[in-house]
Amino acid sequence: MNIIVTGGAGFIGGNFVHRMVKKYPEDTIINVDLLTYAGNLETCKPVENEPNYKFYRGDIADADFVNRVFEAEKPDIVVNFAAESHVDRSITDPGIFVHSNVLGTVTLLDACRRYGIKRYHQVSTDEVYGDLPLDRPDLFFTETTPLHTSSPYSSSKASADLFVLAYHRTFGLPVTISRCSNNYGPYHFPEKLIPLMISRALADEELPVYGDGANVRDWLHVSDHCAAIDLIIHNGRVGEVYNVGGHNERTNLEVVKTILHALNKPESLIRFVKDRPGHDRRYAIDPTKLETELGWKPEYNFDTGIAQTIEWYLNNREWWEHIISGEYQNYFENMYGERLS
Ligand code: NAD
Ligand code: TYD
């Protein structure tokens, strides 16, 4: 089969490409990525010389480009990871989220209709459900929880999901959607909480915790997310949404302290800073449907996963030191300069 993976030079898409190229040598994995600030060909290095791997650089919202790729590659499956993915950036610049996340998705769906496809899979997020209160630990997001978004990022992802479902209902396109909780693991761009804190703690720099650090995220190791998508594209039911999460809820403060302890750094590096506007309080996924229908089970819990991740950042300094030495410096100054001054 020919499988187009968009966003395969990013964090989760990159991990997925590694998995698919190695696991399915008889399939061709076609990575389509614009290489925005978050895309990095260094992430594709482990597979770049494999005979069943190809790369195209371009914008998924550019219909001419997308049609050229579809004509050349005749994909059987399309897995769409490509997106602007950072909530803080969506607060500063929402327009690009509409372009890549909404228009990009619709452009891919149109190409799938035109050329025919066995499966279109949309990689979505639990953030489309909004947030849960901190004092109701009994509540979880299920696939029937109403969409109730908070940020421009989550609104763009929810819009994309609605288009995907509309193309199924209206045009009969064979689609599936996965909505996963927060990922962490190798090749995670150091603007997100966990890699940001690891890289800064290693440099003995202050760790900016938003608000009081009591917000809760449900953390899943990226390889468990990739395994779930692999199962869904092969065995999932068309037209269905599957939640992905491993019941690993932690407050942000707990996460930051775990990282500090693992690196033998003092808690005095923690700096409470001005909160993110509209900051979601708690995310928590109920993955029962994925577990019972498709037999998915995560390999990592948070303790084993964070240990593996910290180890990876210690052993792959070149990958992230290169990133934080460039344009990232300006990003950090704009996003945190005032908060940390
Ligand atoms: P990322 O920001 O690390 O990578 C995104 C990739 O998409 C980059 O390689 C970038 O170059 C590419 N891209 C962006 N716009 C593009 C465009 N217009 N055309 C082609 N390529 C483009 O993101 P990530 O964290 O790997 O997330 C991947 C997907 O998973 C996203 O759709 C995100 O919404 C979803 N998701 C992420 C998480 C998480 O915790 N990171 C959790 C659930 C779902
Ligand atoms: P993030 O990694 O941006 O993921 P998301 O907002 O999609 O959940 O943030 C995870 C949590 O960490 C979120 O509650 C915001 C918080 N956070 C900080 O406290 N400080 C930071 O510097 C960052 C980037 C995030």
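Along the sequence shown, residues are numbered consecutively beginning with 1. Just so you know, ligand 1 is whichever comes first in the structure, and atom 1 is the first atom listed for that ligand.
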Under 4.0 Å, heavy-atom basis, I'd like to know which part of Phe189 is in contact with ligand 1: side chain, backbone, both or neither. neither
Which protein N or O atoms sit under 3.5 Å from any N or O of ligand 2? Give atom names and distances.
residue  : atom   : partner : partner atom : Å
ligand 2 : 2 (O)  : Leu193  : N            : 2.9
ligand 2 : 3 (O)  : Arg276  : NH2          : 3.0
ligand 2 : 4 (O)  : Asn182  : ND2          : 3.4
ligand 2 : 6 (O)  : Arg276  : NH1          : 2.5
ligand 2 : 6 (O)  : Arg276  : NH2          : 3.3
ligand 2 : 7 (O)  : Glu127  : OE2          : 2.5
ligand 2 : 8 (O)  : Asn182  : ND2          : 2.9
ligand 2 : 8 (O)  : Arg217  : NE           : 2.7
ligand 2 : 12 (O) : Asn252  : ND2          : 3.4
ligand 2 : 14 (O) : Arg217  : NH2          : 3.2
ligand 2 : 14 (O) : Asn252  : ND2          : 2.8
ligand 2 : 14 (O) : His279  : NE2          : 2.7
ligand 2 : 19 (O) : Tyr210  : N            : 2.8
ligand 2 : 20 (N) : Pro208  : O            : 2.8
ligand 2 : 22 (O) : Pro208  : O            : 3.3
ligand 2 : 22 (O) : Tyr336  : OH           : 2.7

Within 45° cone of Tyr24 ring axis and under 6.0 Å: Arg19 NZ or CZ: no
Name the residue from Asn80, Thr105, Asp33 that meets the side-chain hydrogen bond (donor to acceptor under 3.5 Å, both in side chains) definition with Thr6. Asn80
Listed by chain and number, what are the salt bridge (charged side-chain N to carboxylate O under 4.0 Å, His left out) partners of Glu311, not counting sequence neighbours? none
Below 4.0 Å from any atom of ligand 1, is there a heavy atom belonging to Tyr187? no
Is any N or O atom of Ala61, backbone or side chain, closer than 3.5 Å to an N or O atom of ligand 1? no
Using heavy atoms and a 4.0 Å limit, tell me yes or no: is Phe81 in contact with ligand 1? yes
Is it the case that the side chain of Tyr242 and the backbone of Ile229 share a donor-acceptor pair, with hydrogens and angles ignored and the cut-off at 3.5 Å? no
Ligand 1 to Cys180 polar contact by distance, N or O atoms, under 3.5 Å: no
For ligand 1, which atoms sit closer than 4.0 Å to a heavy atom of Asn182? 40 (O)
With only distance considered, is Thr36 within less than 3.5 Å of ligand 1 through an N or O on each side? yes
Looking at Leu35, which atoms of ligand 1 are within less than 4.0 Å of one of its heavy atoms? 11 (O)
Is Gly104 near ligand 1, meaning one of its heavy atoms is under 4.0 Å from it? no
Is any N or O atom of Asn40, backbone or side chain, closer than 3.5 Å to an N or O atom of ligand 1? no
Are any of the N/O atoms in Ile12 less than 3.5 Å from those in ligand 1? yes
Considering both backbone and side-chain atoms of Ala82, is one of its nitrogen or oxygen atoms within less than 3.5 Å of a nitrogen or oxygen in ligand 1? no
If you measure from each heavy atom of Gly58 to ligand 1, is any distance below 4.0 Å? yes
Work out whether the distance between some heavy atom of Gly8 and some atom of ligand 1 is less than 4.0 Å. no
Below the 3.5 angstrom mark, is there an N/O of Glu84, backbone or side chain, next to an N/O of ligand 1? no
Counting heavy atoms only, which of Asn183, Asp59, Asn31, Asn80 comes nearest to atom 17 (C) of ligand 1? Asp59
Can you measure from CD1 (Ile91) to CZ (Arg276) and round to the nearest 0.5 angstrom? 5.5 Å
Of all the heavy atoms in Ser181, does at least one lie under 4.0 Å from an atom in ligand 1? yes
Please determine which of Trp319, Tyr331, Tyr37 meets the ring pair (Phe, Tyr, Trp, His ring centres under 6.0 Å) test together with Phe189. Tyr37
Are the side chains of Pro208 and Arg200 in touch, meaning some heavy atoms are under 4.5 Å apart? yes
Could you list which atoms of ligand 1 come closer than 4.0 Å to a heavy atom of Ser124? 43 (C), 44 (C)
Whether the side chain of Arg271 engages the backbone of Leu340 through a donor-acceptor N/O pair (distance < 3.5 Å, no angle test) should be reported. yes
Asn248-Tyr184 side chain donor-acceptor pair, cut-off 3.5 Å: no
Filtering Asp33, Leu103, Thr6 for the heavy atom nearest atom 9 (O) of ligand 1 leaves Asp33
Give the atom numbers and elements of ligand 1 that come within less than 4.0 Å of a heavy atom of Lys157. 31 (C), 32 (O), 33 (C), 34 (O)
Within the side chain of Trp320, is there an N or O that forms a donor-acceptor pair under 3.5 Å with the backbone of Tyr313? yes
Part of Phe65 within contact of ligand 1 (heavy atoms, under 4.0 Å): neither
Hydrophobic clustering (ILVMFWY, side-chain heavy atoms < 4.5 Å, transitive) - are Ile4 and Leu34 grouped together? no
Side chains of Asn101 and Tyr153 only: does a donor on one sit below 3.5 Å from an acceptor on the other? no
For the residue pair Phe70 and Tyr115, does the interplanar ring angle fall in the parallel (under 30°), tilted (30 to 60°) or perpendicular (over 60°) class? tilted
Residues that Pro51 engages under side-chain contact (heavy atoms from CB on, under 4.5 Å), provided they are two or more places apart: none
When Ile, Leu, Val, Met, Phe, Trp and Tyr are grouped by side-chain heavy atoms lying under 4.5 Å apart, directly or through other members, which residues fall in the same group as Tyr300? none
When you compare ligand 1 with His188, is there at least one nitrogen or oxygen pair between them that comes in under 3.5 angstrom? no
Would Ile323 end up clustered with Leu207 when hydrophobic side chains under 4.5 Å apart are linked, directly or stepwise? yes
